[in-house]
Amino acid sequence: MSISQGMRLLALLLSLVLLAGQAMAQPEPGNPVAQPPAAITPTGPIVSPEIEALLKVLQDDGRRAELIRALRAAAPESEAEAPPANSSAEPALLAPNTLGAQLLQGASQRLATASDQLVATVSAIADLPAVLNWLTSLVRDPVTQRRVLDASWKLMLVLGLGLAAEWMAARFLGRFRDRLDAHAPTEATGWARVQRVPLVLARLGLDLVPIAAFAVVSYGLITAVHPLPTTQLVMLTANNAYMASRAVMAAARMLFSPASTHLRLLPVTDETAAYATIWLRRIVVVLITSYAVAEAGLQFGLPWSAYDSILRIALLLVTLLLVIIILQNRQAVSDALRAPELAEGEEPDRARRFFRMLRDRAADIWHLVAIAWLIAAWGVWALEVQYGFWRLLRVSFSTILILSLAKFADMAVRRVIHRGFRITPDLSARYPGLEARSNRYLPVLKGSASLAFGGIALLFLLESWGLEAFAWFGHGKLGNRLVSSLFSIALTITLALVIWEGINAAIQRHLERLSRDAKAAQSARVRTLLPMLRTALLAVILIFVVLSVLTEIGVNVAPLIAGAGVVGIAVGFGSQRLVQDVITGIFLLFEDAVAVGDVVQLGGLNGVVEHLSIRSIKLRAVDGSLHIIPFSAVTSVTNQTRDFAFAVIDVNVDYREDTDKVSETLRQIASEMREDPRWRPVIRDDLDVMGVERLADSGVVIRVRLKTEASQRWAVARELNRRIKRRFDELGIEIPYPHQKLVLEEKHPAQTANAAPEPPAALS
């Protein structure tokens, strides 16, 4: 069967379905429903040959399977013709099957599951809607209201008279309690405690007598008031709860006796006795009151789920009270558990150090363990877990064991890492700065090891708690992919750090070699370029690491790279001046045109190069001014401290002086200066007398120069000028200064008489 035939049969089948639907929609005879339009009512019989052919195809298994294959073959063609719905959509940031997408999906699913479980647990623990519904029905039901009112006034009457009887009995027996307290021994020895036992038991009997008086009066009144059966049960529940709480407090008074130190069995202070009695009273009141309320509520139609909720909430309040007690006594118990201070000069052995460490660790975390165990015990009881307390004990033991082993393993690995990173003096001398660089990574490595052991311990804890954590790391599971990706990321980061530190170490060794070889110029040049080289290298390594990590977790980095390219082009067009600064600065530095410490002239400014950045240079002028010049403004560089220099001096002498004699005197001055220990290291050659430079208005200018070290030309010139002035004064060689000479000529009398009169000269 061809595809076209299959499509025709499919069209025929659809038309049959439509016609059958129209036939079913026609009204029954006698039903006054509007007739369907005539246009859609079949007016003639269906073409029987096509129906018969379709029936034959559907009844034949082979031909029916062939029809299905033809339809499936036609489906991809129709899908290929239609344009995809999201053809114009942008690529997703996270691919569907990548690690990041699975992590997000798994996290969302687990959060949803955890929230559902939390809601279900809270609903199971505290059925608050049932309590609210019961209270609402209690308020609306008049019969229940009458029963509640009847029970209330009768209960108040019974309790009031019973409490009055208890109070009178306690007042009557007060003198006997005082006598017992007076006869009690005041010593704190063991025999004195034994002697107190009969007195304490007598005191307990005196405390129970008022409770008995309350019981006689209250139980007698319950029968006398003729309550309803429900009211009678409520009154009995309230009486039993009150007498139970009073009996417990009487037993606590027997042990602690907060008001009488002589009748106290336990050796505690007054403050501790009062503290224990107060908190015990609070716990007993919460427990017994909640139980009495729940039991009384059953008599008025309280649902059993609400009954369980009241008891669970009561035990939760008791758990919170115990947590408060633990937190209030945290420091005292920690001080008792902590190992005592060692005596001066005492050095414990390894076993004692181990047990001291255990005691100190227990002192630090005992309150956390106690609080966690209390909350877990309440959860096991509230959720009615089968064999819950046995499982809780087993989980507690396994948890302590796993945490202890993880802590010991972490301590051992930390010690091994510390020893492995220890730098010997010989190695530190061979590789300067290695110890400082290794110490930077020591805390990170220790923290990573602790994190790894913490993760492994968490997996064992979850497995011991019955969560089957190891199954998460099976073949093809999310945990397996996560571990593989974390290993790849750690390997990438480690490789990047090795490359970074290797290049830094190579640069440092190169600098040390230049310093040993006395190549100061090259060393200064490398030190100048080093910050920019490190910045560029760090940027490249960071980009590589970030892209690798993002690719590993499944982030599509193609849009990020494209966006970075667009941003780079925009920045390049918008900051051409900045780009010019950077490029010009790089070429100037690579050409060794300027270095830190050089005295240069650039941009019309002079000064010492103090700092070089990626785009500017800082010059410190003679007067202390700081010039910041961008590299793009530098068209030429005059470096005045490169290799060597000449101290050039123009010496001005009078016209009457002998220039040869003056030149010889200058050579003598320079020779004496070279013999001076102060100036001998900085002067490289004898004085070079270049000759008469020019004939000035006031004297003859003789130019000389002295070859010096690159940075000493100015100091040598100033010292040479000082010595020239002093020697010229000694030899009487005149150093002229700007002046004018007036020459008067006397004329003959005859010339004066025959000469024509001249106009008077103007005075200036």
Side-chain angles (χ1 to χ4, degrees), residues 145-184 196-265 273-274 276-300 310 314 318:
Q145 292 177 3
R146 287 194 298 270
R147 291 166 58 191
V148 170
L149 291 175
D150 179 72
S152 299
W153 75 266
K154 291 181 180 179
L155 181 61
M156 293 176 61
L157 177 63
V158 170
L159 291 179
L161 295 177
L163 291 174
E166 180 184 2
W167 178 78
M168 288 187 294
R171 288 292 301 270
F172 176 76
L173 297 175
R175 67 184 70 179
F176 298 102
R177 287 195 296 268
D178 295 338
R179 290 178 183 177
L180 289 176
D181 188 36
H183 286 84
R196 290 178 186 175
V197 173
L199 300 177
V200 170
L201 294 177
R203 171 67 180 270
L204 177 62
L206 292 177
D207 289 338
L208 294 178
V209 170
I211 301 176
F214 172 85
V216 171
V217 174
S218 61
Y219 283 119
L221 287 175
I222 290 175
T223 307
V225 296
H226 302 289
L228 297 173
T230 303
T231 304
Q232 185 177 4
L233 291 176
V234 171
M235 295 171 68
L236 289 174
T237 302
N239 275 12
N240 294 335
Y242 178 75
M243 287 189 299
S245 63
R246 293 290 296 158
V248 172
M249 294 310 301
R253 190 180 297 110
M254 178 186 67
L255 295 176
F256 296 104
S257 185
S260 175
T261 309
H262 307 317
L263 296 178
R264 185 177 301 157
L265 287 181
T277 305
I278 292 172
W279 279 102
L280 183 61
R281 182 183 296 113
R282 292 172 180 173
I283 294 174
V284 169
V285 167
V286 171
L287 283 177
I288 296 181
T289 303
S290 302
Y291 174 76
V293 170
E295 290 289 336
L298 288 177
Q299 309 305 321
F300 296 103
I310 292 175
V318 172

Inset, instruction - Give a yes or no on whether the backbone of Val286 and the side-chain of Thr289 come within a donor-acceptor separation of less than 3.5 Å. - result: no

Legend entry - Closest heavy-atom pair and its distance - Leu208, Ala250: CD2-CB, 4.2 Å

Inset, instruction - Assess whether side-chain contact (heavy atoms from CB on, under 4.5 Å) is satisfied between Ile211 and Tyr242, documenting all intermediate values. - result: CA-CA 9 Å; Ile211 301 176; Tyr242 178 75; over 6 Å; no

Legend entry - Non-hydrogen side-chain atoms of Met168 and Phe172 separated by less than 4.5 Å: no

Inset, instruction - Kindly indicate whether the side chain of Val158, heavy atoms from C-beta on, has any atom under 4.5 Å from the side chain of Val217. - result: no

Legend entry - Closest heavy-atom pair and its distance - Leu173, Leu206: CD1-O, 3.6 Å

Inset, instruction - Taking the side chain as every heavy atom from C-beta outward, state whether Met249 and Thr277 have any pair of such atoms under 4.5 Å apart. - result: yes

Inset, instruction - First locate atom CD1 of Ile283, then atom OG of Ser245, and finally report the distance between them rounded to the nearest 0.5 Å. - result: 14.0 Å

Legend entry - Non-hydrogen atoms of Pro210 and Ala169 that approach each other most closely: CA-CB, 3.9 Å

Inset, instruction - Supply the atom-to-atom distance Glu295 CD to Ile310 CD1, rounded to the nearest 0.5 angstrom. - result: 10.0 Å

Inset, instruction - Please report the closest heavy-atom contact between Phe256 and Ala273, naming both atoms and the distance. - result: O-CB, 3.7 Å

Legend entry - Spacing of CG belonging to Leu159 relative to OG belonging to Ser218, to within rounding of 0.5 Å: 7.5 Å

Inset, instruction - Go through the steps to decide whether Tyr219 and Leu236 satisfy the test side-chain contact (heavy atoms from CB on, under 4.5 Å), and finish with yes or no. - result: CA-CA 8 Å; Tyr219 283 119; Leu236 289 174; 3.5 Å; yes

Inset, instruction - Quick one: closest heavy-atom pair of Leu204 and Ala251, and the distance? - result: CD1-N, 4.3 Å

